Amino acid sequence: MSQFWKPGTERPRIVDDEEGGVLLYPTSSSSSSGFGYGSLEKQRQRLPVYKYRTAILYSVETHATTIVVGETGSGKTTQIPQYLKEAGWAEGGRMIACTQPRRLAVQAVSTRVAEEMDVKLGEEVGYTIRFEDITNEELTRVKFLTDGVLLREMMDDPLLSKYSVIMVDEAHERSLSTDILLGLLKKIQRRRPELRIIISSATIEAKSMAAFFNTRRRREQEQGPTKEPAILSVEGRGFNVEIFYVEEPVSDYVRVAVSTVMSIHDQERMGDILVFLTGQDDIDAAIQLLTEESQSSGKQGLVSVPLYSGLPRADQDLVFSPSPRGKRKVIFSTNIAETSLTLEISDIENLVVAPISKASARQRAGRAGRVRPGKCYRLYTEDYFANEMSVVGIPEIQRSNLVSCVIQLKALGIDNILGFDWPASPSPESMIRALEVLYSLGVLDDDAKLTSPTGFQVAEIPLDPLISKMILASCELGCSEEIITIAAVLSIQSIWIPVRGVQKQLDEAKLRFAAAEGDHVTFLNVYKGFIKSNKSSKWCHKNFINYHAMRKVIEVREQLKRITQRLGIGLESCEGDIQAVRKAVTTGFFANAARLEPFSHNGMYKTVRTSQEVYIHPSSVLFRVNPKFIVYHSLVSTDRQYMRNVITIDPSWLMEAAPHFYQKQLDSSIPQ
DNA sequence: GAGCACTGC
């Protein structure tokens, strides 16, 4: 272990934090630097984080865990891994890892760092995301990756032994995999005292994060780094954002949003406006309203641009194009603009409308102050912000289906799932529900251990366990070629072009592919057509199919092909034997069986398991067809519970697929 | 006759 500490530099001042943490202050802003003086180097030194270089390295040297509280623009993500490298943490064949919640960020940051270090991306600096491993086993010393990929790596190397330092960036977003990762890293630390962890967090969460990682017991003689985490604050570089609230709560917020835009346009100097709305409908309504109002009042100089994920890529790019001369751009966006995109637009004025967490509100306001001071108009009262809004959003782990998460932990050998130490604990009920599902799938046995081979195989496939089970079943039924296509389609959002106003044409296009057996088989027809067209984008356009989605389908399908091969499962086509396909789907999704209510005039179904009232989603090819027995892929609840993506089945297959699960129902409710 | 968004392996 190289205990590297730059000699000749002054030790940073350490001050005890009032709650037991340790705060480090930099001693001087110009620390020793032996680097060259290229312009990139100069830029690096101008970043706020540079002042803390010494303090960060000292903290990492002496503490098992360092929590870095940093605002956007501090440069921590790109600089800290380089500091670690310069300080010798990547010597002796070891690696420095830096995780991000999103793939785009991984690519962007690693590209930037490779540039700054003047190395070729994929050599000393590399990255790994799903579908792309741009690293070199011998050369790569600094590796950027999504936290999901790092979790997968743990399946082969549970102690992550090749890494000397792991930096978990954007931990405050509390994504599902970040939380799992943090829980597991805490466990690894116990076995690997030499491992260093850096967590970048928001101010409000730093203390609870420090408490979570504080494994130091009283009177314990410490060897090596102290187990009490250090907290370090690095200021950002944002500009001031002035905040305004409405005086009275508003009822029609779309209308108020639009009139606020108009008055900003009237009274403020030039600069673009970013408006956050809840969804596509409101965005469309707002744009229409703004167009009408500016026309009727004779106002000019406003250009509205919508921004949401369903929008074709080219339309999304409009957001980044500069506003026409003398015009003010108004971007109406979903929360996609909150984190996922860095809007490199200068001169943004900001307008927030939805009930969100305070943390989210701050993040949104921050979008306005990136390039120059901005203003933020919140369409709720200050009182509401102070007293009604929660401090942070609920971590994903406390509001998600834990089936995938449980199986991942099981695969990593964590037996006592209920006793696992999380940064935020999910409810025991949701845990138990997940365990029940996995048991019924035959993935876990009576002792809640992974079954062999099914359990281990399901864990190996990076998809929802229900889908993985369906894939395994398809191998036995001789239709794995077809089923991995279906699995790939189900794992992306939608293969149809998101429509506004061309609903009828889309429905007609769908009919060209529609299969009597249901949506899954329809997907097979679409895929076949796409391949036959030579993966043509023109063909997609003609048939109202999302070309980019189909490219993704191909990608996911290729990955699934590789995985099934690795599992020693052959690919086989059933050559049109659709019954095999339906059986395979049933084997994974038997728990989602529903039966048409006899004499139902409005297409009401009841789930076989819980007699819950459900309906076929109008987007399904089986909408209004209403076959007697179906299984669905997922439920969406609005005013009714809608089943999305359904396929017809024979009820006797349910018994075959899950005898223990359907024993009781078979006796009573399923007619033969 | 559809009714939140986003992310990840």
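Every heavy atom of this structure was used, including side-chain atoms; hydrogens, water molecules and symmetry mates were not. Note on naming: letters A, B, ... go to the chains in the order of the sequence lines (proteins, then strands), and numbering restarts at 1 for each one. What you are looking at is a predicted structure, and each value in this text was computed from that prediction instead of being measured.
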key: Side chains of A/Y642 and A/P618 in contact at under 4.5 Å (non-hydrogen atoms)   = yes
Among B/dT7, B/dA2, B/dC9, the nucleotide that comes nearest once only the side chain of A/R102 is considered = B/dT7
key: Those residues that, when tested against A/S110, pass side chain to side chain donor-acceptor pair (under 3.5 Å) (two or more places apart)   = none
task = Apply the test salt bridge (charged side-chain N to carboxylate O under 4.0 Å, His left out) to residues A/D421 and A/K187: give CA-CA distance (whole Å), side-chain angles for both, the deciding distance (0.1 Å), then the verdict.
result = CA-CA 9 Å; A/D421 196 3; A/K187 267 178 116 68; over 6 Å; no
query = Could you state the CD1-P distance from A/I492 to B/dG8, rounded to the nearest angstrom?
reply = 14 Å
message = A cation-pi test, strictly: NZ or CZ of A/R644 under 6.0 Å from the centre of the six-membered ring of A/Y632 and no more than 45 degrees from its axis. Yes or no?
response = no
query = Do A/N602 and A/S600 have side-chain atoms, one donor and one acceptor, less than 3.5 Å apart?
reply = yes
query = Is A/S619 touching bases, backbone alone, or none of the nucleic acid, heavy atoms closer than 4.0 Å?
reply = nothing
task = Taking only the side-chain nitrogens and oxygens of A/T146, find out if one of them lies under 4.0 Å from OP1 or OP2 of B/dT7.
result = no
remark   = So the stems of DNA chain B, runs of at least three Watson-Crick or G-U pairs (under 3.5 Å), are none
remark   = salt bridge (charged side-chain N to carboxylate O under 4.0 Å, His left out) pairs touching residues 450-467 of chain A, sequence neighbours excluded, are A/E460-A/R566
task = Find the distance A/K552:NZ to B/dC9:C1' and express it as a whole number of Å.
result = 13 Å
Value in whole Å for how far the C1' atom of B/dG8 lies from CD of A/E132 = 15 Å
query = Contact class for A/I129 vs. all strands (heavy atom < 4.0 Å): base, sugar-phosphate, or nothing?
reply = sugar-phosphate
message = So that I know where these two stand, are A/F623 and A/H617 an aromatic pair - ring centroids less than 6.0 Å apart?
response = no
note = When rounded to whole Å, the CG to C1' distance for the pair A/L176 and B/dC6 reads 13 Å
inquiry  = Side chain of A/D507 only, heavy atoms from C-beta on: which candidate in B/dG3, B/dG1, B/dC9 is closest?
reply    = B/dG1
message = Heavy atoms from C-beta onward define the side chain here; which of B/dC9, B/dG1, B/dG3 lies closest to that of A/R624?
response = B/dG1
note = Separation of B/dG8 atom C1' from A/Q559 atom CD, nearest Å, is 11 Å
task = Let me know the distance between CG of A/L412 and C1' of B/dC9, rounded to the nearest Å.
result = 13 Å
Whole angstrom value for the distance that separates P of B/dC9 from CG of A/L151 = 11 Å
message = Rounded to whole Å, please give me the gap between CD in A/Q493 and C1' in B/dT7.
response = 9 Å
ask   = If you look at every strand shown and take non-hydrogen atoms under 4.0 Å, does A/Y642 touch a base, only sugar-phosphate, or nothing?
value = sugar-phosphate
